[in-house]
Amino acid sequence: MPSSDTSEDGPNEASDVQHNISDADAFQILWEVKMKKRQKQPTLPDTVTKLVAEDGSKVYVVGTAHFSDSSKRDVATTIQEVQPDVVVVELCQYRVSMLKMDETTLLKEAKEINLEKLQQAVKQNGIMSGLMQILLLKVSAHITEQLGMAPGGEFREAFKEACKVPFCKFHLGDRPITVTFKRAIAALSFWQKIKLAWGLCFLSDPISKDDVEKCKQKDLLEQMMAEMIGEFPDLHRTIVSERDVYLTYMLKQAAKRTELPCASETEPKKYMPAVVVGVVGMGHIPGIEKNWNNELNINEIISVPPSSTSSKVIKLAIKASLLGLLGYGCYHVGKRTVQLILSMPSAHYCLQKLRDFRF
């Protein structure tokens with residue numbers, strides 16, 4: 001600003017300075033800042049797997065544990081080092097709300113499983129899938145209570161860091177959770193559903209932060225996966241293997257050559273290989289590596305199979321039970337109400353007057 005003793009008749013040098021820069025210059029400055037920060041030989045955590053597309057685009061996939069502070073640091077470090085053009089996270093549109101909530105709110109939400117959440121899950125996914133979703137929320141709440149940490153911290157960290165990178169897009173890379181639940185339920189037999197629900201209902205083993213960190217060790221994780229496959233192979237296929245394919249497909253879509261920013265529509269378009277950061281659970285890393293060089297078609301795994309006979313029978317049984325309980329409750333309450341009314345002196349008086357009137 002000009003000093004206070006500047007003469008009114010003298011030239012105002014400040015008014016002659018051009019403070020505004022053109023759009024082209026602004027784009028160029030931001031792009032140069034991004035390229036300057038992007039490390040050609042980035043120093044990355046051990047949890048990062050590097051993949052290269054056919055056109056030379058690079059994808060850095062960060063394998064995380066969903067309740068881990070160190071995973072949050074790994075995500076932040078990777079994004080800061082490579083300055084990506086796209087960040088892809090293992091979330092779908094039904095779970096995107098966790099990006100906007102603060103840690104305290106999420107911690108509270110994860111611990112509170114009430115009737116309203118049950119009704120919403122059933123309305124959104126159907127009876128069986130909704131109940132299964134609530135049971136899995138119960139598991140998440142159990143881990144949250146044990147660790148005092150809300151889930152999805154690495155995704156919030158990815159969103160925060162992506163916002164700091166010029167021209168960086170943020171993509172949701174996971175299959176819709178409603179499709180996953182419905183396909184998972186359809187893949188299980190009646191007794192498998194009962195067994196899985198029983199195990200989730202009575203999950204009470206203590207969990208430590210060391211246990212969570214072990215999930216980032218590939219050898220131990222593969223052992224855990226092998227145990228799960230042995231007991232519920234169809235569940236593993238729908239929840240893990242199919243989503244491996246879906247996540248790989250979304251990462252490959254994000255890794256298409258990126259268009260360089262232009263200041264105007266008349267400027268010719270220029271392209272260069274993209275740099276992508278993916279943030280997924282460590283359990284998906286082997287599947288993504290396996291599927292990376294394959295031709296992928298996701299049409300089949302995003303369809304919802306029709307309800308099985310056992311699911312229809314269970315739905316009818318649940319509805320019949322609820323209607324039976326409702327009918328019994330109405331009968332029981334009505335019977336007690338009539339008995340209570342008849343026991344009142346005023347009711348006896350009215351009945352006596354009615355008898356006298358008739359005779």
Side-chain angles (χ1 to χ4, degrees), residues 31 34-35 38 42 44 47-64 66 74-75 78-79 81-99 152 154-180 182-183 237-262 269-304:
W31 187 256
K34 177 174 180 173
M35 291 298 103
R38 179 178 286 177
L44 300 174
T47 53
V48 176
T49 300
K50 181 181 175 181
L51 302 168
V52 181
E54 293 179 358
D55 62 4
S57 296
K58 298 175 182 177
V59 179
Y60 300 90
V61 189
V62 189
T64 67
H66 295 315
D74 291 349
V75 168
T78 304
I79 293 176
E81 286 281 309
V82 306
Q83 294 290 296
D85 303 303
V86 185
V87 172
V88 181
V89 296
E90 186 195 332
L91 285 178
C92 66
Q93 65 266 34
Y94 295 100
R95 293 177 290 156
V96 73
S97 59
M98 71 166 55
L99 295 176
E154 74 272 34
F155 303 136
R156 289 188 293 280
E157 193 72 18
F159 181 71
K160 183 176 71 174
E161 291 296 330
C163 290
K164 300 176 184 177
V165 179
F167 310 110
C168 182
K169 300 175 183 177
F170 192 86
H171 289 183
L172 304 177
D174 201 4
R175 181 174 65 179
I177 194 172
T178 53
V179 175
T180 297
K182 288 177 181 179
R183 288 184 65 85
R237 174 177 56 80
T238 53
I239 291 183
V240 180
S241 300
E242 289 183 358
R243 288 173 62 225
D244 289 345
V245 173
Y246 192 93
L247 288 165
T248 307
Y249 178 85
M250 296 303 288
L251 286 169
K252 293 180 78 168
Q253 290 298 307
K256 303 256 176 154
R257 292 174 70 85
T258 187
E259 181 182 340
L260 297 179
C262 298
K269 295 181 179 180
K270 299 178 183 178
Y271 297 87
M272 66 178 292
V275 174
V276 178
V277 169
V279 182
V280 304
M282 182 62 78
H284 292 292
I285 297 294
I288 291 173
E289 289 184 285
K290 177 183 175 182
N291 291 298
W292 183 251
N293 294 316
N294 298 338
E295 290 291 331
L296 303 176
N297 186 348
I298 63 170
N299 290 332
E300 182 183 348
I301 62 173
I302 61 174
S303 63
V304 178

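These numbers were taken from a predicted model, which means no experiment stands behind them. Along the sequence shown, residues carry numbers from 1. As a basis for the values below, the full set of heavy atoms in this structure was taken, side chains included, without hydrogen atoms, waters or symmetry mates.
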Asks: First locate atom CG of Asn293, then atom CG of Leu296, and finally report the distance between them rounded to the nearest 0.5 Å.
Replies: 10.0 Å

Asks: Measure the CZ-CD1 distance between Arg237 and Ile301 for me, rounded to the nearest 0.5 Å.
Replies: 11.0 Å

Asks: If we only count heavy atoms from C-beta on, is the Gln83 to Cys168 side-chain gap below 4.5 Å?
Replies: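 No, side chains not in contact.
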
Asks: Rounded to the nearest 0.5 Å, what separation is found between the CG atom of Asn291 and the CG atom of Leu251?
Replies: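 The CG atom of Asn291 sits 11.0 Å away from the CG atom of Leu251.
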
Asks: Are side-chain heavy atoms of Ile285 and Val280 found at a separation under 4.5 Å?
Replies: yes

Asks: Answer yes or no: is there a donor N or O on one side and an acceptor on the other, between the side chain of Ser57 and the main chain of Val275, under 3.5 Å?
Replies: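 No; judged by distance alone, with no hydrogens or angles, the pair does not exist.
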
Asks: For Val86 and Val276, run side-chain contact (heavy atoms from CB on, under 4.5 Å): C-alpha distance rounded to whole Å, both residues' side-chain angles, the deciding distance at 0.1 Å, then the answer.
Replies: CA-CA 5 Å; Val86 185; Val276 178; 4.2 Å; yes

Asks: My understanding is that only one of Asp74, Ile79, Leu44 makes a side-chain contact (heavy atoms from CB on, under 4.5 Å) with Val62; could you say which?
Replies: Asp74

Asks: Output the distance between atom CG (Asp174) and atom CD (Gln93), rounded to the nearest 0.5 Å.
Replies: 9.5 Å

Asks: Around atom OH of Tyr60, are there more than 12 heavy atoms from other residues, nucleotides or ligands closer than 6.0 Å?
Replies: yes

Asks: Quick check: closest heavy atoms across Lys34 and Val165, and the distance to 0.1 Å?
Replies: CE-CG1, 3.9 Å

Asks: Can you classify the ring geometry of Phe167 versus Trp31 as parallel (below 30°), tilted (30 to 60°) or perpendicular (above 60°)?
Replies: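 Geometry flag for Trp31 against Phe167: tilted rings.
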
Asks: For the residue pair Trp292 and Val59, what are the closest heavy atoms and their distance?
Replies: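 Closest pair (atom of Trp292, atom of Val59, distance): CH2-CG2, 3.6 Å.
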
Asks: Apply side-chain contact (heavy atoms from CB on, under 4.5 Å) to Thr258 and Met272, showing your working.
Replies: CA-CA 6 Å; Thr258 187; Met272 66 178 292; 3.7 Å; yes

Asks: Roughly how far, to the nearest 0.5 Å, is CG of Leu99 from CG of Leu172?
Replies: 7.0 Å

Asks: Under 3.5 Å, is there a donor-acceptor pair between the side chain of Lys169 and the main chain of Asp85?
Replies: no

Asks: Run Lys290 and Asp244 through side-chain contact (heavy atoms from CB on, under 4.5 Å) and show every step you take.
Replies: CA-CA 9 Å; Lys290 177 183 175 182; Asp244 289 345; over 6 Å; no

Asks: Inspect the contact between Asp55 and Lys256 and indicate whether a charged nitrogen and a carboxylate oxygen are less than 4.0 angstrom apart.
Replies: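 A salt bridge is absent here (no side-chain N lies under 4.0 Å from a carboxylate O).
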
Asks: Minimum heavy-atom separation for Val87 and Ala158, please, with both atom names.
Replies: CG1-CB, 4.1 Å

Asks: Quick one, Thr64 and Thr47 - any side-chain contact, counting heavy atoms below 4.5 Å?
Replies: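 They are not in contact (no side-chain heavy atoms under 4.5 Å apart), so the answer is no.
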
Asks: Working to the nearest 0.5 angstrom, can you tell me the gap between Leu51 CG and Lys252 NZ?
Replies: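 Spacing of CG (Leu51) from NZ (Lys252) equals 10.0 Å.
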
Asks: For Glu154 and Val75, which heavy atoms make the closest approach, and how far apart are they?
Replies: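 Shortest heavy-atom separation between Glu154 and Val75 comes out as O-CG1, 3.8 Å.
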
Asks: Going by atom types alone, do Thr238 and Arg183 pair a side-chain donor with an acceptor below 3.5 Å?
Replies: no

Asks: What closest approach, in Å, do Tyr246 and Pro176 show between heavy atoms, and which atom pair accounts for it?
Replies: OH-CD, 4.2 Å

Asks: With side-chain contact (heavy atoms from CB on, under 4.5 Å) as the test, would you mind laying out the steps for Val89 and Phe159 before giving the verdict?
Replies: CA-CA 9 Å; Val89 296; Phe159 181 71; over 6 Å; no

Asks: So which atom in Arg38 and which in Val82 form the shortest heavy-atom distance, rounded to 0.1 Å?
Replies: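 For Arg38 versus Val82, the nearest heavy atoms are NE-O, 3.0 Å.
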
Asks: Does Ile298 offer a backbone N or O that forms a donor-acceptor pair with the side chain of Arg175 under 3.5 Å?
Replies: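 No, Arg175 side chain to Ile298 backbone: no donor-acceptor pair under 3.5 Å.
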
Asks: Could you tell me if the side chain of Thr49 sits less than 4.5 Å from the side chain of Ile288, heavy atoms only?
Replies: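 A side-chain contact under 4.5 Å is absent here.
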
